[in-house]
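Side-chain atoms are counted along with the backbone in the values below, which use heavy atoms only and exclude waters and symmetry mates. These figures come from a predicted structure and were not determined experimentally.
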Amino acid sequence: MKVLNRKMLLSAMAGALALSLAACGSKNNDNKNGESAPASSPTASETPKASSGSNEKVTITFQNIYPDPTDPKYNMLRKIVAQYEADHPNIKIELDSLNTDQQKLKLKTQAASKEVPDITIVNPAAQMKPFVDADLFAPLNEMVEKNGLKDTFQAGILDYYSFNGNLYALPDGNNIALIYYNKKMFQEAGAKVPTTFEELVDTVKLLKSKGMTPIAIGEKDSWTGSFLFMNMLLRTNGGPGFLKDVLDGKKTFEDPAFIAAVDAFQSLVQAGAFQEGATSFDYNAGENLFKTGKSAMYFMGSWATGGIETSTVGQSGDVGVFKFPTIGGKGNPDEFMLAPGSAFAVSKNSKHLAETLDFLNYFMLNYPKEAFAVKGAVGVAQNIKEDFKAAGYSDMAMEVLGMFKDVKGGDLAFDNTMNPGTAQVHLSSIQKLFVAKEDSAAVAKEHQKGYEENKE
């Protein structure tokens with residue numbers, strides 16, 4: 001099976017990102033883009049109640065990646081679940097909340113024994129393809145048509161989760177990567193927002209000299225370093241499409257653009273950009289360094305905005321954002337790392353398939369409304385019409401929303417583009433750079449060898 005053409009998907013996503021929140025600061029969104037953008041999702045009382053057809057006690061296992069109580073989505077998830085259980089007394093939703101890498105590893109084990117939870121989390125395109133090929137997920141084509149759910153999603157976003165005409169997962173987000181920074185720490189250090197990568201490295205050195213941790217990261221979850229590295233490759237390549245060119249046989253990983261990206265990445269590490277023992281911090285621990293004012297910067301997808309907004313530094317108004325800068329004069333800051341979100345998939349072998357599909361329909365209908373209410377709606381994959389500013393979203397959140405309008409294209413993460421074998425070589429290779437400096441040409445050769453050995 002093949003996912004839809006990557007160039008088409010990138011174009012669709014860039015368009016969705018640029019257009020979906022174009023009226024985020026306006027109460028009078030007249031929906032000129034022709035997308036369905038309901039004022040709010042149905043409430044529990046408005047959503048038609050499904051019946052399991054009997055009073056049989058049903059337990060639905062819901063694997064998710066919201067384990068952090070400081071993330072607004074943690075309580076939002078539980079609120080929606082509690083209301084559904086109240087409306088359906090015979091149904092129990094059992095939550096299995098894990099961080100991203102823990103969940104990925106657990107799902108691989110579960111998939112190998114064909115014991116996938118009723119609802120699980122997958123990532124788009126290449127990452128979910130092996131599970132689809134193994135026929136583990138139930139198609140959602142019919143379910144997504146119920147209660148107008150399909151029309152709540154931004155145009156083009158569902159393509160990332162569709163294979164051979166079937167939709168297999170529903171995304172929680174549609175995001176871009178950016179750099180959050182602590183204004184107070186910058187002021188104390190006498191630092192300015194960098195406009196080039198070279199200035200970013202100098203800023204790191206300045207912050208370090210003042211006894212501050214320049215950039216927080218959770219590299220125990222190795223995708224975090226990869227995500228940052230890919231933004232560097234997007235710049236050194238002079239624009240999107242490097243991995244597509246490799247797949248099409250037009251380039252190899254030993255291309256000068258890739259080597260330059262490794263050089264840039266290592267210059268940041270060697271400048272002391274990250275906290276000591278970065279590879280022992282998972283995603284949540286790394287992010288919490290920034291949220292508690294213990295690091296000056298944090299590179300991440302815009303999905304982090306909600307958790308940062310409600311954190312210690314967010315509530316003090318000390319957080320700003322900036323786009324990833326040019327490297328050696330190359331690249332366009334309006335080309336972003338694009339991040340179609342993690343998504344909810346349903347086990348084809350669920351013992352309670354009808355009830356599971358009904359719950360997921362209910363959950364996704366209520367998701368944007370409840371996310372908006374807890375300041376967690378920046379980067380949601382569904383259309384939101386409400387006025388973010390009037391609802392009390394911070395200046396920082398409004399800055400992030402403004403960046404969505406600037407999107408001129410970009411790239412997907414490495415592991416959403418390459419097959420799992422090649423992706424694992426890459427993740428391990430980049431993670432090693434946090435521990436010791438490597439010859440950049442050798443890193444490139446390692447990637448090329450991994451690609452050739454795992455080529456499909």
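A donor-acceptor pair is defined here as one N or O able to donate and one able to accept, closer than 3.5 Å; such a pair exists between the side chain of Thr224 and the backbone of Asp221. Asn332 places no side-chain N or O within donor-acceptor distance of the main-chain N or O of Gly239, the cut-off being under 3.5 Å. Proximity of a side-chain donor or acceptor of Asp255 to a complementary backbone N or O of Lys251 within less than 3.5 Å is not detected. A donor-acceptor pair is defined here as one N or O able to donate and one able to accept, closer than 3.5 Å; such a pair exists between the side chain of Gln382 and the backbone of Met364. With hydrogens and angles disregarded, no donor-acceptor distance shorter than 3.5 Å links the side chain of Thr152 to the backbone of Gly148. Judged by distance alone, with hydrogens and angles left aside, the side-chain atoms of Glu355 form no donor-acceptor pair with the main-chain N or O of Ile60 at under 3.5 Å. Looking only at distances, a side-chain donor or acceptor of Asn141 sits under 3.5 Å from a matching main-chain atom of Leu167. The main-chain N or O of Asn64 is never found under 3.5 Å from a side-chain atom of Ser97 such that the two would form a donor-acceptor pair. Between the side chain of Glu370 and the backbone N or O of Ile80, no donor-acceptor pair lies under 3.5 Å. Under the 3.5 Å distance criterion, the side-chain polar atoms of Ser311 are matched with a main-chain donor or acceptor of Ile308.
Counting heavy atoms from C-beta on, the side chains of Tyr161 and Pro340 come closer than 4.5 Å. Within the 4.5 Å cutoff, the side chain of Ile217 has no heavy atoms near those of the Met300 side chain. Between Lys375 and Phe388 the shortest side-chain heavy-atom distance does not fall below 4.5 Å. Between Lys244 and Asp248, the closest side-chain pair of non-hydrogen atoms falls below 4.5 Å. By the 4.5 Å heavy-atom criterion applied to side chains, Met232 and Met337 are not counted as neighbours. Here the side chains of Phe344 and Thr120 are not in contact, with every heavy-atom distance at 4.5 Å or above. For the pair Val378 and Tyr393, the minimum side-chain heavy-atom distance is below 4.5 Å. Side-chain contact check for Val374 versus Asn75: every heavy-atom pair is 4.5 Å or farther apart.
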- Task: Just do the side chain to side chain contact (heavy atoms under 4.5 Å, CB included) check on Lys146 and Asp358 with the steps written out, would you?
- Result: CA-CA 9 Å; Lys146 284 182 58 181; Asp358 182 79; 3.5 Å; yes
- Task: Decide yes or no on salt bridge (charged side-chain N to carboxylate O under 4.0 Å, His left out) for Asp101 and Lys220, but give the supporting numbers first.
- Result: CA-CA 9 Å; Asp101 271 19; Lys220 183 177 181 180; over 6 Å; no
- Task: Let me see the working for Leu243 and Phe253 under side chain to side chain contact (heavy atoms under 4.5 Å, CB included), right down to the final yes or no.
- Result: CA-CA 9 Å; Leu243 295 183; Phe253 283 103; 3.8 Å; yes
- Message: Before you tell me yes or no, could you show the steps for Asn99 and Asp282 under side-chain hydrogen bond (donor to acceptor under 3.5 Å, both in side chains), namely the whole-Å CA-CA distance, both residues' side-chain angles and the distance that decides it to 0.1 Å?
- Response: CA-CA 8 Å; Asn99 71 35; Asp282 66 15; 3.3 Å; yes
- Starting from the C-alpha separation in whole Å, work towards a yes-or-no answer on side-chain hydrogen bond (donor to acceptor under 3.5 Å, both in side chains) for Ser347 and Asp118. CA-CA 5 Å; Ser347 171; Asp118 297 294; 6.0 Å; no
- Task: With salt bridge (charged side-chain N to carboxylate O under 4.0 Å, His left out) as the test, would you mind laying out the steps for Glu453 and Lys449 before giving the verdict?
- Result: CA-CA 6 Å; Glu453 290 177 347; Lys449 181 173 182 286; 2.8 Å; yes
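Here Lys150 pairs with Val144, Glu145, Leu158 under the side-chain contact (heavy atoms from CB on, under 4.5 Å) rule; sequence neighbours left out. Evaluation of the side-chain contact (heavy atoms from CB on, under 4.5 Å) rule for Ser394 yields Glu309, Met396, Ala397 as partners, not counting sequence neighbours. Here Lys330 pairs with nothing under the salt bridge (Lys or Arg N to Asp or Glu O under 4.0 Å) rule; sequence neighbours left out. Taking Asp415 as the reference, Lys104 meet the salt bridge (Lys or Arg N to Asp or Glu O under 4.0 Å) condition, with sequence neighbours excluded. In this view, Ser280 satisfies the side-chain contact (heavy atoms from CB on, under 4.5 Å) rule with no residue, not counting sequence neighbours. Applying the ring-ring contact (aromatic ring centres under 6.0 Å, His included) criterion to Phe131, with sequence neighbours excluded, gives Phe137.
Donor-acceptor pairing under 3.5 Å is lacking for the side chains of Asn174 and Tyr160. A donor-acceptor contact under 3.5 angstrom links the side chains of Gln63 and Gln103, judged on distance only. Gln275 and Ser295 share no donor-acceptor pair across their side chains, judged by distance under 3.5 Å alone. Between the side chains of Glu446 and Ser429, a donor-acceptor pair is found at a separation under 3.5 Å. With 3.5 Å as the limit, one finds a donor-acceptor pair spanning the side chains of Ser342 and Asp172.
Residues Tyr66 and Tyr74 place their aromatic rings such that the two centres sit no closer than 6.0 Å. Here Phe265 and Phe434 bring their ring centres to under 6.0 angstrom of each other. With ring centers used as reference points, Tyr298 lies 6.0 Å or more from Tyr181.
In this structure, Asp395 places its CG atom where only 12 or fewer heavy-atom neighbours from other residues, nucleotides or ligands lie under 6.0 Å away.
Ion pairing between a basic and an acidic side chain is recognised when a charged N comes within 4.0 Å of a carboxylate O; Asp406 and Lys323 show such pairing. By the 4.0 Å N-to-carboxylate-O rule, Asp68 lies too far from Lys73 to be salt-bridged with it.
Here the shortest heavy-atom pairing between Val425 and Gly450 reads CG2-CA, 4.0 Å. Closest heavy-atom contact between Asn383 and Asp151: ND2-O, 3.7 Å. Closest of all the heavy-atom pairs between Ala126 and Met418 is CB-O, 3.3 Å. Ala257 and Leu233 make their closest contact through O-CD1, 3.8 Å (heavy atoms, listed as atom of the first residue, atom of the second, distance). The two residues Ala169 and Ala343 make their nearest non-hydrogen contact at CB-CB, 3.6 Å. What you find for Glu399 and Gly320 is that their closest heavy atoms are OE2-CA, 4.1 Å.
Rounding to the nearest 0.5 angstrom, the gap separating the CZ atom in Phe336 from the CZ atom in Phe404 is 9.0 Å.
Below 30°, between 30° and 60°, or above 60°: for Phe363 and Phe359 the angle between ring planes is between 30° and 60°, a tilted geometry.
Lys291 pairs in a side-chain hydrogen bond (donor to acceptor under 3.5 Å, both in side chains) with only one of the listed residues (Thr70, Asp71, Asn284), which is Thr70. For the ring-ring contact (aromatic ring centres under 6.0 Å, His included) with Phe229, the lone residue among Phe258, Phe414, Phe324, Trp223 that qualifies is Phe258.
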